[in-house]
Amino acid sequence: MKKILFLLTFTLLHLSLSAKDYNVKTYGAVSDGKTLTNEAFNKALEVASANGGGRVIVPAGEYLCGSIRMKSNTELHFEDGAKIIAAPEKYQAYDQREPWEGPQYQDGGHTFFHNSLIWADGEKNISITGKGFIDGVGLTKKDKEKGGIVEGGGVDTGDNAIAFKLCQNVKIKDITIYRGGHFAIIVTGCQKTLIDGVTIDTNRDGVDIDCCKDLVIRNCIVNTPSDDGIVLKSSYALKSVVPCEDVTVKNCTVTGYKCGTYLDGTKIPEPVNWVCGRIKLGTESNGGYRNIHIKNCKGEYSSGLAFESVDQGLMENIYVDGVVINHTHHYPIYITTGCRNRGPKERTDVSTGRNIFIKNVTCLHADSIAGIIITGMPGAPLENISLKNITVQYAGGGKAEYANREYREQGTNYPEPKFAGFTPSYGVFARHVRGLKLTNINFSVERSEERPMLRFEDTEGVEIENVNGPGRRE
């Protein structure tokens with residue numbers, strides 16, 4: 001019932017915003033791809049909002065733009081053939097970063113929104129719709145505002161393609177984003193958000209969901225060869241501990257092809273980066289995550305599923321059902337906690353995780369470096385973890401010496417298996433876990449594997465039923 005009301009809200013919003021149209025060309029927009037024209041967009045949005053709301057139409061053509069400011073009760077609607085080109089830095093066309101006082105625990109991409117191509121801060125009932133195309137050629141993928149104390153201000157290169165903060169009733173539907181800057185889409189502290197049918201082909205993160213509640217992302221294709229595809233976070237960007245909760249990701253595909261080659265159809269695999277594609281929770285995890293559902297998703301040349309809480313947050317009630325990944329980089333499934341503790345030093349809580357249920361997952365052509373990893377911390381174990389109906393086809397080739405190596409504790413390390421090296425077992429490696437159930441799990445290897453299939457360290461309540469694969473158990 002809750003989801004029906006949620007979708008009904010978006011339907012009513014769409015109908016209400018369709019009542020009156022405002023054409024950006026009426027307000028001076030030029031579609032030659034050379035004339036800076038974002039202020040015409042801003043004028044149309046301001047007029048529509050002031051008149052009680054409406055739909056701002058972007059006709060076919062190319063529009064060179066800096067910052068476009070979404071306003072309450074407006075829909076930015078792209079007609080077929082409409083394209084926004086992000087202005088290069090020389091145009092100085094992006095808004096100033098908002099002021100920030102005190103320590104900045106998260107990077108600039110999570111902290112600042114106003115220096116983005118399309119942004120909103122504290123607005124309600126906003127939508128971006130239609131078959132439009134955003135080319136973020138003028139956006140930066142670098143973090144220029146990193147660390148320390150930031151006083152705010154300063155005109156900079158555009159950072160994110162779309163950035164919404166503390167907004168309510170948000171819809172992003174059917175658009176395509178190419179080269180999306182630091183984050184192609186970031187929504188932080190937003191409530192009731194729908195991201196539907198969006199295609200992203202970019203060179204950093206695809207979709208970042210930070211400290212949000214009641215969000216659905218569905219039917220999206222996200223190609224990110226050098227960073228995360230769809231990632232949930234709970235950073236300290238709101239200067240408080242805010243969980244990311246009640247989020248559903250379904251019918252989405254994440255890939256790691258060379259940037260641009262998903263859109264042009266060539267789909268050229270990139271050399272394996274430290275991470276690519278993938279659906280992930282973390283790394284920013286001050287507030288933790290709860291009530292997260294991932295359903296019927298696919299990966300191609302993608303890293304596996306990653307669930308990480310390392311900044312003192314709790315992750316709980318995580319449900320995965322129906323994921324297929326072909327050419328799985330680095331690991332199939334990764335569940336971990338750690339004590340990086342990027343946040344206020346007076347906090348005394350510890351990162352924890354519990355009630356994580358993963359079923360019906362197939363990973364093909366998986367790297368040999370790591371099996372399924374499930375690791376808590378000494379004195380703070382992961383609790384109640386269930387894996388059911390899992391099939392993994394590993395590359396194999398692990399040497400016997402790897403079985404004797406001491407696998408690092410997560411501790412303060414950055415939580416990425418690539419940096420930890422080979423796991424002592426090829427199938428499942430579990431440590432500091434209380435309550436682990438493995439049911440109907442099948443492993444195969446393409447080359448001979450000299451590591452054991454399973455290894456458990458400091459675990460209690462392990463139940464194994466119908467777990468099969470070559471090699472011994474430990």
Side-chain angles (χ1 to χ4, degrees), residues 3 195 206-207 209 212 215-222 228-234 243-255 275 277-283 285 288-300 302-309 313-326 328-337 352-364 366 370-376 382-393 415 417 427-430 433 435-443 463 465 467:
K3 289 185 178 179
I195 302 173
V207 182
I209 309 302
C212 289
L215 182 143
V216 174
I217 175 169
R218 67 189 185 195
N219 309 320
C220 293
I221 299 170
V222 184
D228 298 319
I230 298 171
V231 53
L232 278 56
K233 299 180 179 180
S234 55
C244 197
E245 58 184 334
D246 301 322
V247 175
T248 297
V249 179
K250 64 181 181 180
N251 302 330
C252 291
T253 298
V254 293
T255 62
V275 64
R278 82 174 171 180
I279 297 171
K280 177 188 176 187
L281 277 57
T283 303
S285 48
Y289 331 91
R290 68 170 67 103
N291 306 331
I292 310 300
H293 296 261
I294 300 168
K295 303 178 181 179
N296 301 326
C297 292
K298 297 179 181 179
E300 300 172 9
S302 166
S303 299
L305 297 166
F307 305 138
E308 307 168 5
S309 181
L314 165 66
M315 59 177 172
E316 64 175 345
N317 304 337
I318 314 299
Y319 303 90
V320 177
D321 185 1
V323 172
V324 177
I325 305 174
N326 196 358
T328 311
H329 295 328
H330 300 134
Y331 53 84
I333 299 170
Y334 180 42
I335 306 169
T336 195
T337 55
T352 50
R354 64 192 181 203
N355 303 336
I356 299 174
F357 307 98
I358 301 174
K359 65 181 181 179
N360 301 324
V361 173
T362 299
C363 296
L364 304 177
I372 295 171
I373 302 173
I374 307 169
T375 54
L382 291 168
E383 297 180 339
N384 194 21
I385 312 298
S386 173
L387 275 64
K388 183 178 181 179
N389 302 337
I390 311 293
T391 298
V392 183
Q393 178 194 62
V428 175
F429 176 73
V433 183
L436 172 61
K437 190 171 184 178
L438 306 176
T439 308
N440 298 335
I441 298 180
N442 292 287
F443 300 122
E463 299 180 33
E465 181 180 345
V467 176

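Values in this document were obtained by computation on a predicted structure and should not be read as measured data. Just so it is clear, the values below take in all heavy atoms, side chains as well, and ignore hydrogens, waters and symmetry mates.
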Query raised in the report: Quick check: does any side chain N or O of S234 sit under 3.5 Å from a backbone N or O of P243, one acting as donor and the other as acceptor?
Result: no

Query - Counterpart residues, side chain to side chain donor-acceptor pair (under 3.5 Å), relative to T375 (two or more places apart) - result: T336

Query raised in the report: Looking at G353 and T337, what are the two nearest heavy atoms and their distance?
Result: N-CG2, 4.0 Å

Requested in this report: Would you indicate whether the side-chain heavy atoms of V249 and C297 approach each other to under 4.5 Å?
Outcome: yes

Query raised in the report: Can you find a heavy atom in the side chain of L387 that is under 4.5 Å from one in the side chain of I374?
Result: yes

**Report entry** pair I294-F307: side-chain heavy atoms closer than 4.5 Å
**Finding:** yes

Report task. Can you see which heavy atom on V222 is nearest to which on G229, and at what distance? Result -> CG1-O, 3.5 Å

Report summary line: Looking only at heavy atoms, the pair that brings P415 and Y334 closest together is O-CE2, 3.4 Å

**Report entry** Nearest-0.5 Å distance, CD1 of residue I358 to NZ of residue K388
**Finding:** 14.0 Å

Requested in this report: Measure across G371 and Y331 and return the closest heavy-atom pair with its distance rounded to 0.1 Å.
Outcome: O-CB, 4.0 Å

Requested in this report: Measure the spacing between CG of L281 and NZ of K233 and express it to the nearest 0.5 Å.
Outcome: 11.0 Å

Query - Close side-chain approach of K250 and N296, heavy atoms under 4.5 Å - result: no

Query raised in the report: Run the side-chain contact (heavy atoms from CB on, under 4.5 Å) check on I335 and V433 step by step: do they pass?
Result: CA-CA 11 Å; I335 306 169; V433 183; over 6 Å; no

Report summary line: Interatomic distance, CG@N317 vs OH@Y289, rounded to 0.5 Å, equals 14.5 Å

Query raised in the report: Got a sec, which residues hit side chain to side chain donor-acceptor pair (under 3.5 Å) with T328, two or more places apart in sequence or on another chain?
Result: none

Report task. Not counting sequence neighbours, which residues clear side chain to side chain contact (heavy atoms under 4.5 Å, CB included) with S302? List them please. Result -> V254, R278, I325

Query raised in the report: Could you walk me through whether F357 and N384 pass the side-chain contact (heavy atoms from CB on, under 4.5 Å) check?
Result: CA-CA 8 Å; F357 307 98; N384 194 21; 3.6 Å; yes

Query raised in the report: I390 versus F443: any side-chain heavy-atom pair under 4.5 Å?
Result: no

Query - Euclidean distance, I217 CD1 relative to I230 CD1, rounded to 0.5 Å - result: 4.0 Å

Query raised in the report: Shortest non-hydrogen contact from I292 to D246?
Result: CD1-N, 4.4 Å

Requested in this report: Show your working on side chain to side chain donor-acceptor pair (under 3.5 Å) between E465 and T439 and close with a plain yes or no.
Outcome: CA-CA 5 Å; E465 181 180 345; T439 308; 4.6 Å; no

Report summary line: Here the pair of heavy atoms bringing R354 nearest to L314 is NH2-CD2, 3.6 Å

Report summary line: Between the CG atom in N389 and the CG atom in N440, the distance rounded to the nearest 0.5 Å is 5.0 Å

Query raised in the report: Considering only heavy atoms from C-beta outward, does the side chain of P332 approach that of V361 to under 4.5 Å?
Result: no

Query raised in the report: How far does CG of N291 sit from CD of E245, to the nearest 0.5 angstrom?
Result: 7.0 Å

